[in-house]
Amino acid sequence: MADVKLSGVHKYYGNVHAVRGVDLSIADGEFAVLVGPSGCGKSTLLRTIAGLEDPDDGTITIGGAVVNDLRPRERNIAMVFQNYALYPYLTVNENIAFGLRARKTPEIEIRKRVGEAAEMLGIGNLLQRYPRQLSGGQRQRVAIGRAIVRKADLFLFDEPLSNLDAQLRDEMRSEIKRLHHEITTTMIYVTHDQVEAMTLADRIVLLRDGKIEQQGAPLELFEQPRTGFVAGFLGSPSINLIPATLKTSGTAAEAVFKSGGSLTLPPAKAALLSGAEERQVLVGIRPQHFSRAGGGGPLREGVVSYSATADLIQPTGTRTFTTIKIGGVDAVAELQAHDVTNHGERIELAIDLNRVVLIDPASGLVIA
Ligand SMILES: Nc1ncnc2c1ncn2[C@@H]1O[C@H](COP(=O)(O)OP(=O)(O)OP(=O)(O)O)[C@@H](O)[C@H]1O
Ligand SMILES: [Mg+2]
């Protein structure tokens, strides 16, 4: 068990500044997920915590002790790499048992732990095979098994589910979350998949260009993004960003589109916008805040009606993603499966603006 603290960590590869001043505290027992686009420095940061890379500046503390000068095997960390390598001449059984053997664990204990891990990972029938006789997804699960049988202070995972098909990935994701509930060891998990990040994390650490853009509980980041980048990174389909000009008068505010039309903002948002008259903004509306308007009853506060043409219809089975135009740009509305059927159909929508985010296009910051 261990907490992890990074302070002022920098890492260069030649003149590539891969990690640019990261301060991060992960509590003992926490499940932290590092997420961000390809090349943002996730693997570099994880490898630095593991001791596989030396930071050029800053300190790394694990369980209260500075580990900068400790070698990887002295840090008692179990890690699944992005490019995991299994021992080719050892069976699956021996690959998983390897770390336990190296630590002189009693044979009976080894057999028990390997059996449990293999069961959890659905590879119990593959224990006598060699890595070359496995599919990519099976190898990846062996690599996870090898890590989780160890009683490490800290688990580091770098995209451990990337080679699995969608269904198996969902299953493994649940297993990893369940494992964490059981063993409550601190975990740092890297992924570029925002669904994986949202579903697994106690805390998401969103990286951008080697720096932390924002960190917090999954729903906090999703509902209260501080920047347009965070708003755009989390959520699928992505948040719609529609350019507009603010018009305020007294306690009211609306977002006016250049192509005509406007949306009246809820009073709680308008209250944050005094003095923002004529300001250019990006109006951020999530696809799930659209619904089919029906019944003609009064709308809740902050909900506006909007009439549109369905340009593109993408049913997923559970929901139907429908592309419409707002303010001259394409926006995606996530509707019920049977809400819309025909391309070109005219639809009446309700848009819940209570959770709208308004972004300053120049700074990228959320202003309300
Ligand atoms: N050994 C290396 N030598 C030079 N540059 C490197 C090296 N390893 C990584 N980089 C660069 O450092 C930056 C961060 O790389 P890193 O592997 O940490 O990204 P990542 O967030 O894990 O991306 P991905 O999601 O694609 O795995 C990238 O610009 C990458 O090109
Ligand atoms: Mg990586």
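Note that ligands are numbered from 1 as they come in the structure, with each ligand's atoms numbered from 1 the same way. Just so you know, these numbers come straight off a predicted model, no measurement behind them.
Side-chain contact check for Thr248 and Glu277: at least one donor-acceptor pair (N or O, by modelled atom type) lies under 3.5 Å.
Near Glu159, meaning under 4.0 Å from one of its heavy atoms, ligand 1 places the atoms 25 (O).
Residues Arg103 and Glu109 are not paired through a salt bridge, judged by the lack of any N-O separation under 4.0 Å between the basic side chain and the carboxylate. Taking the charged nitrogens against the carboxylate oxygens, Lys42 and Asp158 have no contact shorter than 4.0 Å, which rules out a salt bridge.
For atom 27 (O) of ligand 1, the closest non-hydrogen atom on the protein side is Gln82 NE2, 3.0 Å. Protein heavy atom nearest atom 23 (O) of ligand 1, with residue, atom name and distance: Gly39 N, 2.8 Å. Protein heavy atom nearest atom 24 (P) of ligand 1, with residue, atom name and distance: Ser38 OG, 3.7 Å. The single protein non-hydrogen atom nearest to atom 2 (C) of ligand 1 is Tyr13 CD2, 3.4 Å, given as residue, atom name and distance.
Across Gly36, Gly14, Ser43, heavy-atom proximity to atom 17 (O) of ligand 1 is greatest for Ser43. Residue Lys42 holds the heavy atom nearest to atom 21 (O) of ligand 1 of all those in Lys42, Arg208, Glu53.
The shortest N or O to N or O distance between Val16 and ligand 1 is not below 3.5 Å. Annotation: Thr44 places an N or O atom under 3.5 Å from an N or O atom of ligand 1; distance criterion only. The shortest N/O to N/O separation between Cys40 and ligand 1 falls below 3.5 Å.
No chain of hydrophobic side-chain contacts below 4.5 Å, direct or via other Ile, Leu, Val, Met, Phe, Trp or Tyr residues, connects Ile212 to Val33.
Within the 4.0 angstrom cut-off, atom 31 (O) of ligand 1 has no protein heavy-atom neighbours. Put simply, atom 13 (C) of ligand 1 has protein non-hydrogen atoms near it, under 4.0 Å away.
Put simply, CD1 on Ile359 and OG1 on Thr227 are 8.0 Å apart, with the number rounded to the nearest 0.5 Å.
Relative ring orientation between Phe157 and Tyr189 is described as tilted, the plane-to-plane angle lying within the 30° to 60° band.
Judged by the 6.0 Å distance and 45° axis criteria, Arg132 is not positioned over the aromatic ring of Tyr89.
Aromatic pair Tyr87/Phe98: ring centres closer than 6.0 Å.
For the Mg ion (ligand 2), the set of nearby N, O or S atoms under 2.8 Å includes none belonging to Thr44.
When all heavy atoms are compared, the tightest approach of Ala118 to Leu127 is CB-CD2, 4.0 Å.
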